[in-house]
Number of protein chains: 2
Amino acid sequence: MHTTTRVVDTVNMLEGPGAARPYHHGNLRAALIATAVDQARAGGADAVVLRDAARRTGVSHNAAYRHFADRDDLLAEVSERAMAELEQRMRDRLADLPDDDRGEPASARLRAVGREYVHFALAEPGLFATAFACARPKDGAPGQGPYGVLSTMLDELVTTGVLPAERRPGADVTCWAAVHGLAVLCLQGPLRDLSEREREEQLDGLLERLSRGL
Amino acid sequence: MHTTTRVVDTVNMLEGPGAARPYHHGNLRAALIATAVDQARAGGADAVVLRDAARRTGVSHNAAYRHFADRDDLLAEVSERAMAELEQRMRDRLADLPDDDRGEPASARLRAVGREYVHFALAEPGLFATAFACARPKDGAPGQGPYGVLSTMLDELVTTGVLPAERRPGADVTCWAAVHGLAVLCLQGPLRDLSEREREEQLDGLLERLSRGL
DNA sequence: GTGTGCATGTTGCCGGTGTCCACATCGCGT
DNA sequence: ACGCGATGTGGACACCGGCAACATGCACAC
């Protein structure tokens with residue numbers, strides 16, 4: 001899609017000072033999204049501002065409307081990237097786990113994923129909030145996204161025999177809700193002022209209770 | 001505070017058509033908050049708009065600045081009311097419980113509170129979101145608010161002997177996070193399109209796993 | 001090679017909002 | 001009675017999202 005035979009490098013458009021970009025940017029859509037992601041990272045969904053994004057990208061306002069129907073459309077794109085980054089972090093965390101934990105209690109893997117979920121939320125509050133602030137319901141494949149990762153973990157628990165199969169349905173939602181709730185409460189809720197240590201303790205407690213109740 | 005000897009009724013200022021309100025409204029602060037709460041109820045925090053609130057209250061824009069430092073200040077007030085309404089609903093739900101449940105598993109009462117929490121979020125999404133969308137961290141007494149209700153329930157569980165005392169610390173956060181997370185995911189997350197029945201099932205599952213894991 | 005069509009980017013404009021400033025009005029205490 | 005301070009008003013500015021009309025230049029047909 002969007003094939004082009006233009007000579008200019010359409011990917012690495014980090015313009016130098018005297019770049020004098022051509023009339024046609026060549027990569028505007030991606031560049032705008034990147035700028036908007038920066039905005040979201042810095043200040044959440046509200047900080048995603050069309051005019052400012054265009055300005056920072058070195059293009060006039062309104063240029064964005066050739067690539068996005070409206071602000072919400074751009075925001076949806078940012079939300080998607082944020083969600084993807086969250087998923088990637090969870091997968092990376094899983095991959096980093098020592099193989100020792102591979103065979104033994106798969107619940108350790110589940111805990112690691114949950115912990116990473118909360119850590120991401122606290123490390124990237126803007127992106128985390130934007131990931132879920134999308135007004136447009138973008139229906140993705142059910143096995144994809146952070147939910148997919150979590151779901152896979154739980155399936156693993158069943159095959160390992162740790163989790164009785166009859167208790168599997170609904171377990172994903174419970175796990176997700178608990179972890180998501182803690183993240184939200186720590187970000188904008190009454191747990192905002194917890195120290196890092198207290199937060200970690202609460203997270204540990206939650207994960208323990210969660211696996212106990214599965 | 002704000003004592004007044006004026007003759008006009010400062011409480012019930014639902015102006016009739018030919019009311020011709022005096023130059024000084026007499027009750028502006030409360031009236032503006034009420035209007036803002038309506039806005040929040042209808043569309044969440046973003047729908048709280050100073051100029052529109054002033055307009056609807058029948059006063060010029062800028063009048064609000066005599067009572068609120070800025071928009072965030074008004075929003076904080078709305079957030080407080082929303083939180084109070086959530087708390088009230090939880091307390092009402094508790095009071096409505098038949099006395100039969102009084103002595104028996106106090107966990108039933110805990111479940112009822114949790115269920116009401118989610119129900120409120122779904123019934124009043126705007127207020128629920130605004131309750132937590134406050135930028136200003138308003139530190140209330142720790143025993144107050146929805147958290148206080150929940151905390152009391154858990155203390156009850158300990159005195160009833162259902163919950164071992166050593167497991168009490170942190171249990172409040174876990175419960176709150178789980179219920180809050182489910183609410184958020186149903187409102188703006190990927191569980192948005194669940195049918196009422198599915199939602200109720202997931203809620204049941206969550207509450208069951210929660211009490212099992214306490 | 002040349003010329004035109006269409007995607008892309010630009011300037012201009014409108015309505016709406018938050019916030020500051022100067023001014024108007026009126027209640028209350030001296 | 002009077003004047004001061006609290007309260008409300010109108011105007012102005014900057015910013016934003018979104019439309020419309022215009023400009024530019026790449027791509028493809030011939």
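Residue numbers start from 1 in every chain, and the chains themselves are labelled A, B, ... in the order their sequence lines are given, proteins ahead of strands.
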Can you name the atoms? Protein N/O to nucleotides 14-16 of chain D N/O, anything below 3.5 Å, with the distance.
| residue | atom | partner | partner atom | Å |
| --- | --- | --- | --- | --- |
| D/dC16 | OP2 | A/Arg55 | NH2 | 2.6 |

If I take atom [atom1] in residue [X] and atom [atom2] in nucleotide [N], what distance separates them, rounded to the nearest angstrom?
X: B/Arg66; N: C/dA22; atom1: CZ; atom2: P; result: 12 Å
X: A/Asn62; N: D/dC22; atom1: CG; atom2: P; result: 15 Å
X: B/Arg29; N: D/dG8; atom1: CZ; atom2: C1'; result: 16 Å
X: A/Phe68; N: D/dC19; atom1: CZ; atom2: C1'; result: 18 Å
X: A/Asp46; N: D/dG17; atom1: CG; atom2: P; result: 11 Å
X: B/Tyr65; N: C/dA22; atom1: OH; atom2: P; result: 17 Å
X: A/Asp73; N: D/dC19; atom1: CG; atom2: C1'; result: 17 Å

Sequence neighbours excluded, every pair satisfying salt bridge (Lys or Arg N to Asp or Glu O under 4.0 Å) that has a member inside residues 168-178 of chain B: B/Asp155-B/Arg168, B/Arg168-B/Asp172
For B/Ala45, all residues meeting side chain to side chain contact (heavy atoms under 4.5 Å, CB included), sequence neighbours excluded: B/Leu75, B/Thr130, B/Ala133
Under the side chain to side chain contact (heavy atoms under 4.5 Å, CB included) test, residues paired with A/Asp73 that sit two or more places apart: A/Phe68, A/Ala69, A/Asp70, A/Arg136
All salt bridge (Lys or Arg N to Asp or Glu O under 4.0 Å) counterparts of B/Glu77, not counting sequence neighbours: B/Arg29, B/Arg81
Side-chain donor/acceptor of A/His61 to base of C/dG12, under 3.5 Å: yes
Extract all donor-acceptor atom pairs below 3.5 Å that involve side chains of residues 82-91 of chain A and protein atoms in other chains or at least two apart in sequence.
| residue | atom | partner | partner atom | Å |
| --- | --- | --- | --- | --- |
| A/Glu87 | OE1 | A/Gly145 | N | 3.4 |
| A/Glu87 | OE2 | A/Arg91 | NE | 3.0 |
| A/Glu87 | OE2 | A/Arg91 | NH2 | 2.9 |
| A/Gln88 | NE2 | A/Asp92 | OD1 | 2.9 |

A/Arg56 versus A/Thr35, side-chain donor and acceptor atoms under 3.5 Å: no
